[in-house]
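Any value given below was found using the heavy atoms of this structure, including those in side chains, with hydrogens, waters and symmetry copies removed. Numbered from 1 within each chain, the chains take letters A, B, ... in sequence-line order.
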Amino acid sequence: MARTPAAPRGTRDILPEETALWRRVESVARELSDRYAFERVETPLFERVELFARSAGETSDVVEKEMFRVAGAKGSEEERAEWALRPEPTAGIVRAYIEHGLHVQPGPLRFWLIGAMFRYDRPQAGRYRQFTQWDCEVLGDPGPMVDAELIELALRFYADCGVTGVTAHLNSIGDGACRPAFREALVEYFARVEDRLTDDSRRRLRINPLRVLDDRRLDPDLAAGAPRSIDFLCEPCRQHFDAVRSLLDGLGCRYVIDHRLVRGLDYYTRTTFEFFVAGREGQQQALGGGGRYDGLVEALGGRPTTGIGFGLGLDRTIMAMAEQGIEPPRDGALVAVVGATDDLVARLRVCTALREAGVRVRPDGSTRKLGKQLEAAAKAGARWAVIVGEETAGDSVVLRDLDAGEQQELPLAGVAASIAGSGAA
RNA sequence: GUGGCCUUAGCUCAAUUGGCAGAGCAUCGGAUUGUGGCUCCGAAGGUUAGGGGUUCGAGACCCCUAGGCCACCCCA
């Protein structure tokens with residue numbers, strides 16, 4: 001451990017150079033959330049461990065090995081082990097939906113949030129212990145249209161962020177009526193070739209056979225010959241899946257069917273989807289994912305209510321944007337206020353007046369030589385400098401165009417209009 | 001949780017066989033008795049990630065720890 005304080009493992013500081021891209025991504029997410037008529041919610045960053053165990057599943061990786069436990073300063077050992085930082089947002093949103101009786105509101109309900117998620121995993125580029133997701137959830141909408149709508153929304157998000165080469169992977173893993181048969185077929189199939197499975201897969205074969213398909217080390221021949229969930233769908237699930245596909249086709253949304261896409265969280269039913277970006281052949285190419293969870297509300301003690309949602313990783317979206325050379329949004333023209341005299345009161349008054357007029361102002365509070373102040377202004381990226389000095393009369397200041405190297409004396413009240421009129425903003 | 005490669009100034013990197021820890025960029029100041037970017041000059045910036053060992057002597061070699069990256073695992 002270094003003597004100087006360091007950020008905890010797997011976390012990082014996001015500095016101004018990078019926050020420019022963050023602003024763009026966040027504003028796209030906010031704007032789309034609003035345009036698609038989602039309503040903003042916030043839930044706690046930590047919840048009871050039991051909530052995640054009951055929703056994501058005891059055998060899911062996030063519960064089994066990636067839970068970030070929170071210890072209280074006081075209390076018994078048991079009490080201190082009771083909470084965990086949220087590894088995903090759906091459980092908290094569904095918990096809030098049930099707790100506040102939101103089912104009485106006219107549905108379907110559409111929620112969104114942007115927030116930090118936590119997974120105690122081994123860090124790597126694009127994989128952090130604290131990361132940020134944009135999450136959208138729809139509760140109480142059983143029809144296939146919302147499935148297609150969410151996938152279209154996610155693809156539009158990537159497009160609006162400027163990311164290209166994003167592919168939607170799609171699958172249906174059925175529901176309580178048809179999945180048991182699929183599960184049985186998987187067990188029967190893999191049990192015969194158990195000696196060709198990894199240790200992990202052999203264990204999963206007993207406790208959660210669908211996730212054998214998740215295993216990237218699975219022999220390609222075995223994977224190709226494995227039972228496919230869509231061949232086992234019951235009639236309602238098959239109709240739902242067919243409808244989702246034809247809706248996506250009708251929208252012109254491109255996707256590929258991925259028979260091995262079963263998702264790591266147990267609450268998913270029917271539609272599952274993930275978004276991958278081209279160019280990262282190894283890991284961290286998954287930018288986001290989601291699916292339908294028609295049994296989750298009931299499993300957590302609420303009335304039977306369908307649900308569907310996605311979580312998109314903003315860190316990875318930004319990483320993809322940076323790799324694709326996408327420019328961050330430009331700031332508005334910056335005006336530096338510098339002083340030819342040491343009269344700081346006059347300088348600060350000018351700053352305030354300009355800000356009231358809507359100008360973006362960076363003041364120089366030093367009494368350095370004017371040349372130094374102008375140099376600092378130019379280095380800070382200022383397009384203009386307002387020089388507050390004694391040689392000007394009354395309310396007048398000098399407005400200097402730092403790019404052109406030209407300046408003029410004019411009344412303070414005319415500065416904002418002059419900048420706006422130059423078209424250089 | 002497993003394996004591999006790494007860590008020298010704020011950043012990018014040098015340092016011969018184990019022999020005085022350096023450069024460029026960035027920062028600050030001066031040239032500039034108050035109008036910037038260029039140029040020139042100068043200053044500051046280091047317990048070489050942390051700890052231990054070998055040695056007359058370690059940035060370099062050995063061990064431990066921490067962190068980063070990569071491949072697994074899994075996902076966002």
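Comparing atom distances between the A:Lys372 side chain and each of B:rG1, B:rG29, B:rU35 picks out B:rG29 as nearest. Among B:rC75, B:rG34, B:rG36, the nucleotide with an atom closest to any side-chain atom of A:Leu370 is B:rG34. Taking every side-chain heavy atom of A:Lys379 into account, B:rC28 is the closest of B:rG36, B:rC70, B:rC28. Side chain of A:Ala286, nearest nucleotide from B:rG29, B:rA76, B:rU35: B:rA76.
To the nearest angstrom, C1' of B:rC75 lies 17 Å from CZ of A:Phe118. In this structure, the CG atom of A:Leu218 is 14 Å from the C1' atom of B:rC73, given to the nearest Å. Nucleotide B:rG1 holds its P atom 18 Å from the CZ atom of A:Arg119, rounded to whole Å. For A:Gln124 and B:rG68, the CD to C1' distance is 11 Å, given to the nearest whole Å. Put simply, CZ on A:Arg400 is 7 Å from P on B:rG36, counting in whole angstrom units. Atom pair A:Glu375:CD and B:rG36:P shows a separation of 9 Å (rounding to whole Å applied). The separation between A:Tyr120 atom OH and B:rG1 atom P is 6 Å, rounded to whole Å. In this entry the distance linking CZ of A:Arg203 with P of B:rC73 reads 14 Å, nearest Å.
Of the nucleotides present, B:rG53 is the one that pairs with B:rC61 by Watson-Crick or G-U wobble criteria, both distances under 3.5 Å. Within the shown strands, nothing qualifies as a pairing partner of B:rG18 under the Watson-Crick or G-U definition with both distances less than 3.5 Å. Within the shown strands, B:rG68 is the pairing partner of B:rC5 under the Watson-Crick or G-U definition, both distances less than 3.5 Å. The nucleotide B:rU48 finds no pairing partner, because no Watson-Crick or G-U wobble arrangement with both distances shorter than 3.5 Å includes it. Across all strands shown, nothing is found opposite B:rG37 as a Watson-Crick or G-U wobble partner with both distances under 3.5 Å.
The six-membered or imidazole ring of A:Tyr120 lies away from that of A:Phe118, with a centre-to-centre distance of 6.0 Å or more.
With hydrogens and angles left out, the side chain of A:Arg122 and the base of B:rC72 share no donor-acceptor pair within 3.5 Å. Judged by distance alone with a 3.5 Å cut-off, no donor-acceptor contact links the side chain of A:Arg368 to the base of B:rC28. With hydrogens and angles left out, the side chain of A:Arg9 and the base of B:rG68 share no donor-acceptor pair within 3.5 Å. With hydrogens and angles left out, the side chain of A:Gln407 and the base of B:rU35 share a donor-acceptor pair within 3.5 Å.
Salt bridge annotation for A:Arg95-A:Glu50: absent, with no cationic side-chain nitrogen under 4.0 angstrom from a carboxylate oxygen. Between A:Asp315 and A:Arg12 there is a salt bridge, since a side-chain N of the basic residue sits under 4.0 Å from a carboxylate O of the acidic one.
In this structure, A:Asp401 reaches the bases: a heavy-atom distance under 4.0 Å links it to at least one base atom across the strands shown. No contact: A:Arg129 has no heavy atom under 4.0 Å from any strand. At the heavy-atom level, A:Gly10 lies under 4.0 Å from the strands shown only through sugar-phosphate atoms. As judged by a 4.0 angstrom heavy-atom cut-off over every strand, A:Asp342 is placed among the base-contacting residues. Within 4.0 Å (heavy atoms only), A:Ala377 reaches no atom of the nucleic acid at all. Here A:Thr11 lies out of heavy-atom contact (under 4.0 Å) with every strand.
Checking A:Gly311 against A:Pro8, the closest nucleotide of RNA chain B that is more toward the 5' end is the one next to A:Pro8. When each of A:Ala7 and A:Ala382 is assigned the nucleotide of RNA chain B with its nearest heavy atom, A:Ala382 is the one assigned upstream, toward the 5' end.
Environment of CD in A:Glu17: sparse, with no more than 12 heavy atoms of neighbouring residues, nucleotides or ligands closer than 6.0 Å.
Contact annotation: A:Arg211 side-chain N/O to B:rC75 OP1/OP2 distance is under 4.0 Å. Close to B:rA31, at under 4.0 Å from its OP1 or OP2, lies a side-chain N or O of A:Lys369.
Ring-plane geometry between A:Phe232 and A:Phe182 is classed as tilted, the angle between the planes lying from 30 to 60 degrees on a 0 to 90 degree scale. The aromatic rings of A:Phe273 and A:Phe310 lie perpendicular to each other, with more than 60° between the two planes, well past the 30° mark.
Tested against A:Asp147 for a salt bridge (charged side-chain N to carboxylate O under 4.0 Å, His left out), the candidates A:Arg292, A:Arg270, A:Arg245 yield a single pass: A:Arg292.
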